[in-house]
Peer 1: 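Supplied in C-alpha cells, the structure appears directly below.
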Amino acid sequence: MSGRRLLRGVTRRLHRGGWNTAVKAEVSGGVVTLEGEVSSYHEYVSLGTAIGRLSGVRGVVNRVTYPGRPEPEHRRGEQRRLRTADVVIVGAGVVGCCIARQLSRYHLEVVVVEKETDVACGTSKANNGMVHTGIGEKMGTLKQRLCVEGHRQFDRLCRELQVPYRQQGMYIVLTPQSFASLAVPTALAQAVGGRLIPSMILRRAKKLGLPMRRADWREVLEAEPHLTRDVLSAVYAPTYGVTCPYRFTIALAENAVANGVQVMLGTEVVDVLVEDGRVAGVQTDRGTIAAPWVINAAGLYADVIADMAGAREYTIHPKKGAILLFDKETSHYVRHHLSLLRFPRTEHYKGGGIMLTVDGNLQWGPTITEIQDRDDRSVTREEIDAVFEHYQALLPGFPRQAVIAYFSGLRAATFTEDFVIKPADAVRGFIHVAGIQSPGLAAAPAISDLVIDILRRQGMDLRPKSHFQPRRQSPPVIRELSDEERAQHIARNPRYGRIVCRCEEVSEGEIVDAVHSPLPACTLDAVKRRTRAGMGRCQGAFCLPRVARILARERDRALEDIEKDRPGSRLFVGPAKCLLEGEHED
Ligand SMILES: Cc1cc2nc3c(=O)[nH]c(=O)nc-3n(C[C@H](O)[C@H](O)[C@H](O)COP(=O)(O)OP(=O)(O)OC[C@H]3O[C@@H](n4cnc5c(N)ncnc54)[C@H](O)[C@@H]3O)c2cc1C
C-alpha cells in the first residue's frame, strides 16, 4: 500500500477516535509514527492499538505523551574499549541465548550483553514454560509459523542440552462456562461448543499439520477424573509440550559459552554506535564493544535499544501475566494441560490454563493486563482472584490453599502484535528481534534460524566450525537418580550426600556445581534457578541461609556480600546463628 494511502487511512482512524486535533501521524515504509498528547496511559494504548490494527501498518512508533509518562532515563556509558567482536547480541533471554548458540556454530566472535546478573532474568524466567504447537496463534502470522517450526525442534534440542522436556498433551475444553459472558441459550451453546468450535479447531490443525483429534466427554473424564463434569466437548493435542524456561535458557547459554561465545552479565547497553548508516558496536556502562553486527533481543526494552540506534520501528507496551504455583501434593489433579476456551475471545491471548510443570508443580494462569511500568512484576490480590475465578471452573474441587507462590511476567507486545524479526530499515547491520511475546519460548529455536538466515542474506560470512559441540553435559540432579546412581555420586563426592534444600532434595554438591558451572551462578536466585534450592513448599525458609553460606564459601566472599539477584540486593547484615553452624550439620 502506498504511503499516501496509508496516511489517509491513519488520519481517518484518528478522526474517528477523536484524536485528530491532539495527535499527528507520519508514515514511512509502513511504519506510523504518532506524536501529540492524550489524557491517560489507557488512551495511549487504545490509540496505538487502533492504528496497529489498520491494514498495511507494519509498525507503530507511539511517541504520544500523557500525564505521568515516565521520562526516558539516560544512563552514562564508559568510553574505554572493552573488546571487538563480529556480533553483539543485546539481551540474554531465551531468544538472545538461542541466537548466540546458533551463531556459535560458525567462525565468529560473538558477545552477549546482559544488564542483569544472570541470563533468563527478564520474561524468560517468568512464563508458563509451555511449548505451544501454534494452534492458538492467529493464522498466517510470523509468530504462528515460527511457533510451529520451533515446537518441532524442541525434543531434539532439549535432548542435546540435557534439559527436561515432556510432551504432556493438552485438552482444549469447552463447557457452558465458555459462553457465560455471552448469555446464549443452552441449546445454542451445546451446538456451537459441542460441534462447531471443535470442527473449526481441527480444520486449523489440519492446515498446520498438527496431530489433533476430537475427544468425547467420556474420554476426557477418564483421562482427567478431577475435571468438571460439565464438558460440552474437547479437542486433544498430544504433542503439546512443557519445559523449564529458565533451565532451557541457561543450558543454551552454557552451550554457547562452551562453543566460544562470551556472555557479559551485569553489563547494560546505554547506546548503539552508528557510523555512516552502519552499526559500529554498542556502548555499555562498562565500556564499548566494537562490532559490525548488533542483534537487538532486549525484550521489553527492544524499542529503547532501537531508538539508541536511530532505528525505531515499533513501541513496546507491556502486558502483565500473573501465574499461581501450587504444592506438589496437588500434582495428581491433572495429567495433561487443560485449557478452557471462553467467548468472546480476548484478542491476542491464548487464555492460559492449568498445567503440570516439568518439576511436578501445578501452575494456573496467566492473566493479561496492560501496564505502564516495564519493571512491575508485582502480583495483586485482584490478579490472584482473577486466576482462581478463571480456572476454578475446570477443577471445581481443587484446594485453593495449596498455593505456594505466585509471580508475574511481562509480555513485550508491539501494537501490530506480531514478532518483528528483520534488518533495520535505517541502519545496516542492526537486526530487530522484537515483540517476542508468547509463544516466544516455543518459537525461540525457529527465531534463531530466521536470524541466521537474515544475517546470511545481509552478507555475513558464516563459515561452519568443524568442532562445534551441540551436546551439553548437565550436572547430576540427585533427586532424579536411582539409589545406586546416588551412591556412586556420593562415593565420588560426599557433598552430593548432604541435602541442603529438604523440600526439593537439593544437595550441597549440586549447589557447588552451579557456582562453578560454565556460566557461574553468582547470586542466590541464580543458584535457585539452576538447582531448585528454595523453590519448594517452604520457599527457602529453611535452606536460604545454608545456600548463602555455600555461595559465600565457594566465591570467597563475606556472607554480607551475597546478593539475592540484582546488585545491592543483600540479605544479611551480619552473621546469624544458623549461618555460623558447622558445615556437617546441614
Ligand atoms: C506470563 C507469561 C507467560 C508466558 N508463557 C509462555 C509459554 O508458556 N510459552 C511460550 O512459548 N512463551 C510464553 N511466554 C512468552 C515468553 O516468555 C517470551 O516470548 C520470551 O521469554 C521472550 O524472550 P526474550 O529473550 O525475547 O525476552 P527476555 O527474556 O525479556 O530477555 C530480554 C533481555 O534483555 C535484557 N536487556 C534489556 N535491556 C538491556 C540493555 N539495555 N542492556 C543489556 N541487556 C538488556 C533484559 O534484562 C532481558 O534479560 C509467556 C510470557 C509471559 C509474560
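All ligand and atom numbering here is 1-based and tracks the order in the structure. Counting begins at 1 with the first residue of the sequence.
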Peer 1: Kindly confirm or rule out an N or O of Val131 lying under 3.5 angstrom from an N or O of ligand 1.
Peer 2: no
Peer 1: With no hydrogens and no angle check, is any side-chain donor or acceptor of Gln144 less than 3.5 Å from a backbone partner on Gly140?
Peer 2: yes
Peer 1: Looking only at protein heavy atoms, which one is nearest to atom 47 (O) of ligand 1, and what is the separation?
Peer 2: Glu114 OE2, 2.6 Å
Peer 1: Which is closest to atom 24 (P) of ligand 1 in terms of heavy atoms, Ile436, Ile368, Val95?
Peer 2: Val95
Peer 1: Within 45° of the ring axis of Trp293 and under 6.0 Å from its six-membered ring centre, is that where the NZ or CZ of Arg428 lies?
Peer 2: no
Peer 1: Do Tyr301 and ligand 1 have an N or O pair less than 3.5 Å apart?
Peer 2: no
Peer 1: Just by distance, no angles: are the side chains of Gln153 and Asp449 close enough, under 3.5 Å, to form a donor-acceptor pair?
Peer 2: yes
Peer 1: Mind checking the CG-CG spacing from Asp271 to Asp307? Nearest 0.5 Å is all I need.
Peer 2: 10.5 Å
Peer 1: Testing Gln167, His132, Arg166, His336 one by one against Tyr240 for a side chain to side chain donor-acceptor pair (under 3.5 Å), which residue passes?
Peer 2: His132
Peer 1: Look only at interatomic distance and state if Gly409 has a nitrogen or oxygen under 3.5 Å from any nitrogen or oxygen of ligand 1.
Peer 2: no
Peer 1: Atom CG in Leu324, atom CG in Leu362: separation rounded to 0.5 Å?
Peer 2: 11.0 Å
Peer 1: Check whether any N or O atom of Val269, backbone or side chain, sits under 3.5 Å from an N or O atom of ligand 1, and answer yes or no.
Peer 2: yes
Peer 1: Out of all atoms in ligand 1, which are within 4.0 Å of some heavy atom of Ala442? Include the element for each.
Peer 2: 10 (C), 11 (O)
Peer 1: Output yes when the distance from some N or O of ligand 1 to some N or O of Met130 is under 3.5 Å, and no in every other case.
Peer 2: yes
Peer 1: Under 6.0 Å between the ring centres of Phe248 and Tyr165?
Peer 2: no
Peer 1: Salt-bridged, Glu160 to Arg101, with N to O below 4.0 Å?
Peer 2: yes
Peer 1: For ligand 1, does His132 get within less than 4.0 Å through its side chain, its backbone, both, or neither, judged by non-hydrogen atoms?
Peer 2: side chain
Peer 1: What atoms of ligand 1 come closer than 4.0 angstrom to any heavy atom of Glu116?
Peer 2: 47 (O)
Peer 1: Heavy atoms only, cut-off 4.0 Å: how does Ala297 contact ligand 1, side chain, backbone, both, or neither?
Peer 2: backbone
Peer 1: Nearest protein heavy-atom contact for atom 30 (O) of ligand 1: which residue, which atom, what distance?
Peer 2: Thr123 N, 3.0 Å
Peer 1: Could you tell me whether Pro366 approaches ligand 1 through its side chain, its backbone, both or neither, with non-hydrogen atoms closer than 4.0 Å?
Peer 2: side chain
Peer 1: Just checking, Lys115 and Tyr301: is the charged tip under 6.0 Å from the six-membered ring centre and within 45° of the axis?
Peer 2: yes
Peer 1: Looking only at side-chain N and O atoms, does Ser378 offer a donor or acceptor that is under 3.5 Å from a partner on Asp376?
Peer 2: yes
Peer 1: Could you tell me how the ring of Trp364 sits relative to the ring of Phe326: parallel (under 30°), tilted (30 to 60°) or perpendicular (over 60°)?
Peer 2: tilted
Peer 1: N/O to N/O below 3.5 Å, does that happen between Val94 and ligand 1?
Peer 2: yes
Peer 1: Is it the case that Glu109 and Gln262 place a side-chain donor and acceptor less than 3.5 Å from each other?
Peer 2: no
Peer 1: Do Thr315 and Arg312 have a side chain donor and acceptor closer than 3.5 Å?
Peer 2: yes
Peer 1: Which heavy atom of the protein is the closest neighbour of atom 43 (C) of ligand 1, given with residue, atom name and distance?
Peer 2: Lys115 N, 3.3 Å
Peer 1: Between Gly93, Gly96, Ser124, Gly440, flag the one that comes closest to atom 23 (O) of ligand 1 by a heavy atom.
Peer 2: Ser124
Peer 1: Are Val113 and ligand 1 in contact, using a heavy-atom cut-off of under 4.0 Å?
Peer 2: yes
Peer 1: Suppose I only count heavy atoms of Gly122 and a 4.0 Å limit; which atoms of ligand 1 are within that range?
Peer 2: 29 (O), 30 (O), 49 (O)
Peer 1: Which atoms of ligand 1 sit under 4.0 Å from any heavy atom of Gly91?
Peer 2: 33 (C), 34 (O), 35 (C)
Peer 1: Would you mind finding which of Ala126, Gly321, Gly136, Ser438 brings a heavy atom closest to atom 2 (C) of ligand 1?
Peer 2: Ala126
Peer 1: Considering only protein heavy atoms, which is closest to atom 27 (O) of ligand 1, and at what distance to one decimal place?
Peer 2: Gly299 CA, 3.9 Å
Peer 1: Could you list the atoms of ligand 1 found under 4.0 angstrom from a heavy atom of Ala298?
Peer 2: 32 (C), 34 (O), 37 (C), 38 (N)
Peer 1: Number the atoms of ligand 1 from 1 as they appear, then name those within less than 4.0 Å of a heavy atom of Arg411, with their elements.
Peer 2: 52 (C), 53 (C)
Peer 1: Quick one: which ligand 1 atoms are inside 4.0 Å of a heavy atom on Pro439?
Peer 2: 10 (C), 11 (O), 12 (N)
Peer 1: Provide, to 0.1 Å, the distance between atom 10 (C) of ligand 1 and the closest protein heavy atom, together with that atom's residue and name.
Peer 2: Leu441 CB, 3.4 Å
Peer 1: Tell me, please, which residues at least two apart from His348 pass ring-ring contact (aromatic ring centres under 6.0 Å, His included).
Peer 2: none
Peer 1: Look up atom CG in Asp303 and atom NE2 in His317, then write down how far apart they are to the nearest 0.5 Å.
Peer 2: 10.0 Å
Peer 1: Can you confirm, on distance only, whether ligand 1 has an N/O atom lying under 3.5 Å from any N/O atom belonging to Lys319?
Peer 2: no
Peer 1: Number the atoms of ligand 1 from 1 as they appear, then name those within less than 4.0 Å of a heavy atom of Gln437, with their elements.
Peer 2: 15 (C), 19 (O)
Peer 1: How many angstroms lie between atom OG1 of Thr239 and atom CE of Met170, to the nearest 0.5 angstrom?
Peer 2: 9.5 Å
Peer 1: Consider ligand 1: state whether an atom of it lies below 4.0 angstrom from any non-hydrogen atom of Thr267.
Peer 2: yes
Peer 1: Starting from atom 17 (O) of ligand 1, what is the nearest protein heavy atom, named by residue and atom, and what distance separates them?
Peer 2: Asn127 ND2, 2.9 Å
Peer 1: Between the side chain of Asp525 and the main-chain N/O of Asp565, is any donor-acceptor distance below 3.5 Å?
Peer 2: no
